[in-house]
Amino acid sequence: MAMYQVKPVFGDDIKIDLPTCMYKLPNIHAQRSASGCSEHALQNGGTEVDPAFRDLEVRQDKIMRRLYELKAAVDGLAKTVTTPDADLDQTVTSLSQSPTATAFRGTADLDSLLGKDLGALRDIVINANPARPPLTLLVLHAMLCKRYRVLSSVHVHSSVSGVPAQLLSCLGPRHADSYVRQRFQLGFTLIWKDVSKLQMKFSIQNMCPIEGEANVARFLFRLVAPYPSDPALATLVDSWVDTAFFQLAEGSAKERSAVLRALNGALGRDPWLAGPELSLADIACYCCVLQTGPAASSPANVQRWLKACENLGHFGPAHPLLQ
């Protein structure tokens with residue numbers, strides 16, 4: 001028997017409506033299609049937002065866009081500033097860009113070749129000795145400028161002095177938009193420095209330096225045109241590139257004569273050294289042949305090939321450095 005008996009307060013027939021959601025909000029999508037109200041107006045019960053808030057929103061968007069552009073510029077500069085070899089005492093602002101009428105390749109192509117880089121300008125930094133100007137890289141730079149919007153600059157390191165004027169202007173004149181880095185797709189920075197071997201640095205966080213003009217030329221040429229897919233043809237290109245730099249440019253007189261005879265024989269069978277069109281093999285051998293001596297002393301097939309290369313118009317930047 002219970003000690004206390006209490007009568008029920010509520011009856012058994014009471015129905016309670018339980019909520020199906022914690023908060024109830026108006027359907028934003030339905031209101032947006034029905035009327036042209038702004039986002040802030042819909043969030044405030046469908047009433048029109050104050051024009052002052054709309055102006056503030058527009059101003060905030062402009063500020064955020066500007067901050068994004070500044071971040072891209074700072075990230076691009078950091079690639080050069082944080083490079084240990086970029087302690088520059090003298091800066092020569094010689095910047096260039098290809099003509100606006102040129103059909104540039106898209107950023108998606110650079111993403112596939114160099115990796116995706118959000119916002120920052122892709123900077124290629126090259127250290128070269130002014131006693132041995134890299135003619136091959138100047139030719140490839142001119143070819144890059146025809147495919148991309150290239151921001152080019154030449155600097156002088158404190159380890160060298162008395163750099164000739166033609167070396168300071170080897171990448172072309174200054175462009176009017178050179179101060180707006182985000183308008184360019186690729187940065188090409190050439191630093192004249194006392195180095196034993198040419199060095200290239202692209203991504204100091206994810207990539208070790210590349211040494212040697214032949215290896216840097218291979219890297220840059222892949223930005224201009226794909227390497228041959230045929231393994232035999234790709235091997236032939238690499239063989240001519242190594243022959244040009246290690247035997248023709250740096251070899252003895254006997255080695256140079258042997259290379260010229262080999263060139264004459266190969267060019268007697270085909271108009272180009274590897275494949276039906278100009279390749280890196282032709283660019284490397286052309287520059288090394290002109291560096292070793294006058295073209296008039298070359299065999300007949302080599303002289304004909306040199307004229308064919310000059311007719312293409314890619315080798316103009318190398319000629320002033322040969323005088």
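Nothing fancy with the numbering, it's 1 onward along the sequence. Here the structure is a predicted model, which is why all the values come from computation and not from measurement.
Atoms CG and OH, on L278 and Y286 in that order, are 11.0 Å from each other to the nearest 0.5 Å. Note that the CZ atom of R59 and the CE atom of M64 stand 14.0 Å from one another [nearest 0.5 Å]. The CG atom of L135 sits 10.0 Å away from atom SG of C170, with the distance rounded to the nearest 0.5 Å. In this structure, OH on Y148 lies 11.0 Å from CE on M143, to the nearest 0.5 angstrom. Separation of atoms CG (L144) and CD (Q185) is listed at 11.0 Å; rounding is to 0.5 Å.
No donor-acceptor contact under 3.5 angstrom links the side chains of T235 and D238, judged on distance only. Donor-acceptor pairing under 3.5 Å is recorded for the side chains of D282 and W305. Between the side chains of S152 and H141, at least one donor N or O sits under 3.5 Å from an acceptor N or O. Judged purely by distance below 3.5 Å, without hydrogens or angles, the side chains of N215 and R218 pair a donor atom with an acceptor atom.
Annotation: cation-pi geometry satisfied between R222 and Y227 (NZ/CZ under 6.0 angstrom from ring centroid, within 45° of ring axis).
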What do the steps show when you test V125 against L190 for side chain to side chain contact (heavy atoms under 4.5 Å, CB included), and what is the final call? CA-CA 6 Å; V125 181; L190 177 60; over 6 Å; no

Let's go through N129 and L198 carefully: what are the C-alpha distance in whole Å and the side-chain angles of both, what is the deciding distance for side chain to side chain contact (heavy atoms under 4.5 Å, CB included) to 0.1 Å, and is it a yes or a no? CA-CA 7 Å; N129 197 319; L198 185 137; over 6 Å; no

Test log, rule side chain to side chain contact (heavy atoms under 4.5 Å, CB included), inputs F245 and C287: CA-CA 10 Å; F245 286 107; C287 295; over 6 Å; no

Starting from the C-alpha separation in whole Å, work towards a yes-or-no answer on side-chain hydrogen bond (donor to acceptor under 3.5 Å, both in side chains) for E213 and T136. CA-CA 8 Å; E213 186 174 350; T136 306; 3.2 Å; yes

Please report the C-alpha distance between L260 and V289 in whole Å, then the side-chain angles of each, then the deciding distance to 0.1 Å, and finally whether the side chain to side chain contact (heavy atoms under 4.5 Å, CB included) criterion is met. CA-CA 8 Å; L260 288 176; V289 166; 4.3 Å; yes

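For the residue pair K193 and S159, the shortest heavy atom distance occurs at CG-OG, 3.4 Å. Scanning all heavy atoms of the two residues, the minimum distance from V224 to L140 falls at CG2-O, 4.4 Å. Across every non-hydrogen atom of S298 and L306, the tightest pair is OG-CD1, 4.5 Å. Here the closest heavy-atom approach between residue A266 and residue W240 is recorded as CB-CZ2, 3.8 Å. Residue C288 comes nearest to L248 through the heavy atom pair CB-CD2, 3.7 Å, listed as atom of the first residue, atom of the second, then distance. Between L223 and R147, the closest heavy-atom pair is O-CD, 4.5 Å.
A side-chain contact (heavy atoms from CB on, under 4.5 Å) with M200 holds for exactly one of N127, I126, L137; it is I126. For the side-chain contact (heavy atoms from CB on, under 4.5 Å) with L171, the lone residue among V150, T189, V154 that qualifies is V154.
Proximity of a side-chain donor or acceptor of R132 to a complementary backbone N or O of S196 within less than 3.5 Å is detected. Side-chain atoms of E255 come within 3.5 Å of backbone N or O of S252 as a donor-acceptor pair.
In this structure, Q199 and I210 have side chains that are not in contact, with every pair of non-hydrogen atoms separated by 4.5 Å or more.
The pair D61-R66 does not meet the salt-bridge criterion, since no charged nitrogen lies less than 4.0 angstrom from a carboxylate oxygen.
Note on F188 and V195: separate hydrophobic clusters, where clusters join Ile, Leu, Val, Met, Phe, Trp and Tyr whose side-chain heavy atoms are under 4.5 Å apart, directly or indirectly.
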